[in-house]
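Structure first, commentary second.
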There are 2 protein chains.
Amino acid sequence: MRLSQGVEWALHCCVSLTQAAEPVPAARLAELHGVPTAYLAKQLQALSRAGVIHSIPGQMGGYVLTQPPSAITALQIVVAIEGDVPVFQCTEIRQNGPLGVDPAKCSKRCAIARAMATAEHAWREALAEISIADLVAGIDADSSNTAIDGLRRWLATG
Amino acid sequence: MRLSQGVEWALHCCVSLTQAAEPVPAARLAELHGVPTAYLAKQLQALSRAGVIHSIPGQMGGYVLTQPPSAITALQIVVAIEGDVPVFQCTEIRQNGPLGVDPAKCSKRCAIARAMATAEHAWREALAEISIADLVAGIDADSSNTAIDGLRRWLATG
DNA sequence: CCAATGCGGATATAAAATATCCGAGTTCAA
DNA sequence: TTGAACTCGGATATTTTATATCCGCATTGG
Ligand code: FES
Ligand code: FES
């Protein structure tokens with residue numbers, strides 16, 4: 001079980017967009033991160049559909065964040081890219097075999113699925129506690145306050 | 001991102017094995033749960049390699065739990081089937097592009113990976129709190145204390 | 001010895017992730 | 001107003017992974 005690579009790209013792009021004064025095209029974000037343009041565009045479209053970013057068409061178009069960095073969470077981004085399907089999916093095998101339970105009595109989710117969902121909920125809660133602003137602060141601290149400033153400068157010199 | 005189906009099978013098998021007095025062959029577990037025998041065998045082998053269950057070869061052979069049900073956690077089973085690779089994998093794209101960071105300065109894990117690892121840790125901690133005994137108790141309660149008894153009886157009548 | 005079982009690898013199929021392309025629509029400049 | 005250049009968007013290939021299956025070998029117990 002592995003999270004799609006698009007999640008990492010999306011996180012990096014959202015961090016970058018916090019330092020942009022104008023819309024940033026997908027090609028420019030791809031150049032900045034050294035990833036294939038066409039595939040990154042797909043992830044950005046997913047973010048756009050989820051309402052995390054807003055797309056502006058036309059010659060001076062590109063992508064812009066729809067909310068302040070402190071209001072965007074890692075959970076939103078993960079859900080946007082991966083979908084909100086549960087990590088553990090109960091396939092109701094309790095209804096199979098010689099001891100199969102009557103399907104009519106399976107309106108309630110089974111005990112195993114409930115337990116796994118509880119653990120998954122803990123993960124989602126933790127993801128919801130991570131904001132883009134937190135990531136920006138962390139990256140800035142790691143680089144002795146040079147990375148974010150350099151990023152803003154690079155984005156400005158179109 | 002979706003957890004492999006083998007995890008559900010493994011959980012159900014461990015629950016079933018708690019009610020067995022003798023080793024249970026893979027074919028019998030497959031029949032009980034109505035799943036393909038050959039593929040289930042693969043999952044059981046993974047559990048065996050991880051030390052969750054013990055395999056006994058020979059004519060009266062089969063699988064047995066290595067620990068009491070209260071000592072086996074859902075985390076052990078998930079790791080056994082899926083491997084202990086992290087859900088979020090940092091591919092170090094911060095080293096790419098025109099603003100790429102010097103690889104020599106990347107000995108420390110990046111801020112994004114750290115944040116995602118924290119969330120993942122919360123999930124693992126929650127999984128470690130789930131024991132097979134808990135699942136048995138939950139299933140028993142859901143069935144008005146009939147399912148586990150029926151299971152033990154079915155396993156005894158080889 | 002013979003039958004039954006777990007183990008491991010090799011193989012075929014199905015699904016998903018990855019990577020790419022071209023068209024519809026918009027904006028800006030001439 | 002006209003047009004050209006640029007943007008996003010969805011539909012399309014390619015590669016990788018997960019799923020499912022099979023067969024031969026070693027081991028155990030009758
Ligand atoms: S029946 Fe298998 S987890 Fe619900
Ligand atoms: S460089 Fe992308 S998450 Fe670490």
Side-chain angles (χ1 to χ4, degrees), chain A residues 1-10 13 17 20 22-31 33-66 78 80-83 85 87-89 91 93 96 158, chain B residues 1-10 13 17 20 22-31 33-66 78 80-83 85 87-89 91 93 96 158:
Chain A
M1 187 206 41
R2 179 175 118 268
L3 212 50
S4 167
Q5 186 166 2
V7 173
E8 181 186 356
W9 298 2
C13 284
L17 285 176
E22 300 169 3
V24 185
R28 193 150 175 80
L29 285 171
E31 178 197 1
H33 298 112
V35 297
T37 304
Y39 192 35
L40 176 62
K42 202 178 182 57
Q43 319 299 337
L44 293 172
Q45 285 166 26
L47 287 177
S48 179
R49 273 193 298 271
V52 176
I53 60 178
H54 175 59
S55 68
I56 300 172
Q59 199 166 9
M60 287 289 149
Y63 288 101
V64 188
L65 293 178
T66 57
V78 169
I81 303 293
E82 296 284 331
V85 292
V87 173
F88 179 86
Q89 267 163 311
T91 59
I93 73 175
N96 297 0
Chain B
M1 189 208 38
R2 181 176 115 266
L3 212 50
S4 168
Q5 186 167 359
V7 172
E8 181 186 355
W9 298 3
C13 284
L17 285 177
E22 300 169 2
V24 185
R28 194 150 174 77
L29 284 171
E31 178 196 1
H33 298 112
V35 297
T37 304
Y39 194 36
L40 177 62
K42 231 178 192 11
Q43 318 299 337
L44 292 172
Q45 287 169 23
L47 286 177
S48 179
R49 272 192 299 272
V52 176
I53 60 179
H54 175 59
S55 69
I56 300 172
Q59 198 167 8
M60 285 292 148
Y63 289 99
V64 188
L65 293 177
T66 56
V78 169
I81 303 295
E82 296 283 332
V85 291
V87 173
F88 178 86
Q89 267 165 312
T91 59
I93 73 175
N96 297 1

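Bear in mind that the values here come from a model prediction, so they are computed numbers and not experimental data. Convention: sequence-line order gives letters A, B, ...; per-chain numbering from 1.
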Does [N] have its OP1 or OP2 closer than 4.0 Å to a side-chain nitrogen or oxygen of [X]?
X     : N      : value
B:Y39 : D:dT19 : yes
B:T37 : D:dT21 : no
B:S55 : C:dC7  : yes

Positions of residues 42-51 of chain A (non-hydrogen atom under 4.0 Å from DNA chain C), listed by number = A:K42
message = Pick the closest DNA chain C nucleotide for A:P57 and for A:S4 by heavy atoms, then say which residue is nearer the 5' end.
response = A:S4
Rounded distance (Å) that lies between atom [atom2] of [N] and atom [atom1] of [X]:
X     : N      : atom1 : atom2 : value
B:Y63 : C:dT5  : OH    : C1'   : 9 Å
B:E22 : D:dT28 : CD    : C1'   : 15 Å
A:L40 : D:dT7  : CG    : P     : 14 Å
A:E82 : C:dA16 : CD    : C1'   : 11 Å
A:Q59 : D:dT7  : CD    : P     : 8 Å
B:H54 : C:dT5  : NE2   : P     : 17 Å
B:I56 : C:dC7  : CD1   : P     : 10 Å
B:I53 : C:dG6  : CD1   : C1'   : 10 Å

Flag side-chain contact, heavy atom, 4.5 Å: [X] against [Y]:
X     : Y     : value
A:R2  : B:Q89 : yes
B:T37 : B:L40 : no
B:I81 : B:L47 : yes

task = For A:F88, enumerate each residue passing the ring-ring contact (aromatic ring centres under 6.0 Å, His included) test, keeping only those at least two apart in sequence or located in another chain.
result = none
task = Ignoring hydrogens and angles, tell me if any N or O in the side chain of A:E82 forms a donor-acceptor pair with the backbone of A:S4 under 3.5 Å.
result = yes
ask   = Okay, side chain of A:E8, backbone of B:T91: is any donor-acceptor separation there less than 3.5 Å?
value = yes
query = Starting at the 5' end of DNA chain D and moving along, which residue's nearest nucleotide shows up first, A:A38 or A:R2?
reply = A:A38
ask   = With sequence neighbours left out, what residues match B:E31 under salt bridge (charged side-chain N to carboxylate O under 4.0 Å, His left out)?
value = B:R28
query = Across the strands shown, which category fits B:A27 at heavy-atom distances under 4.0 angstrom: base, sugar-phosphate, nothing?
reply = nothing
message = At 4.0 Å (heavy atoms only), tell me whether B:G6 reaches a base, stays on the sugar-phosphate, or touches nothing.
response = nothing
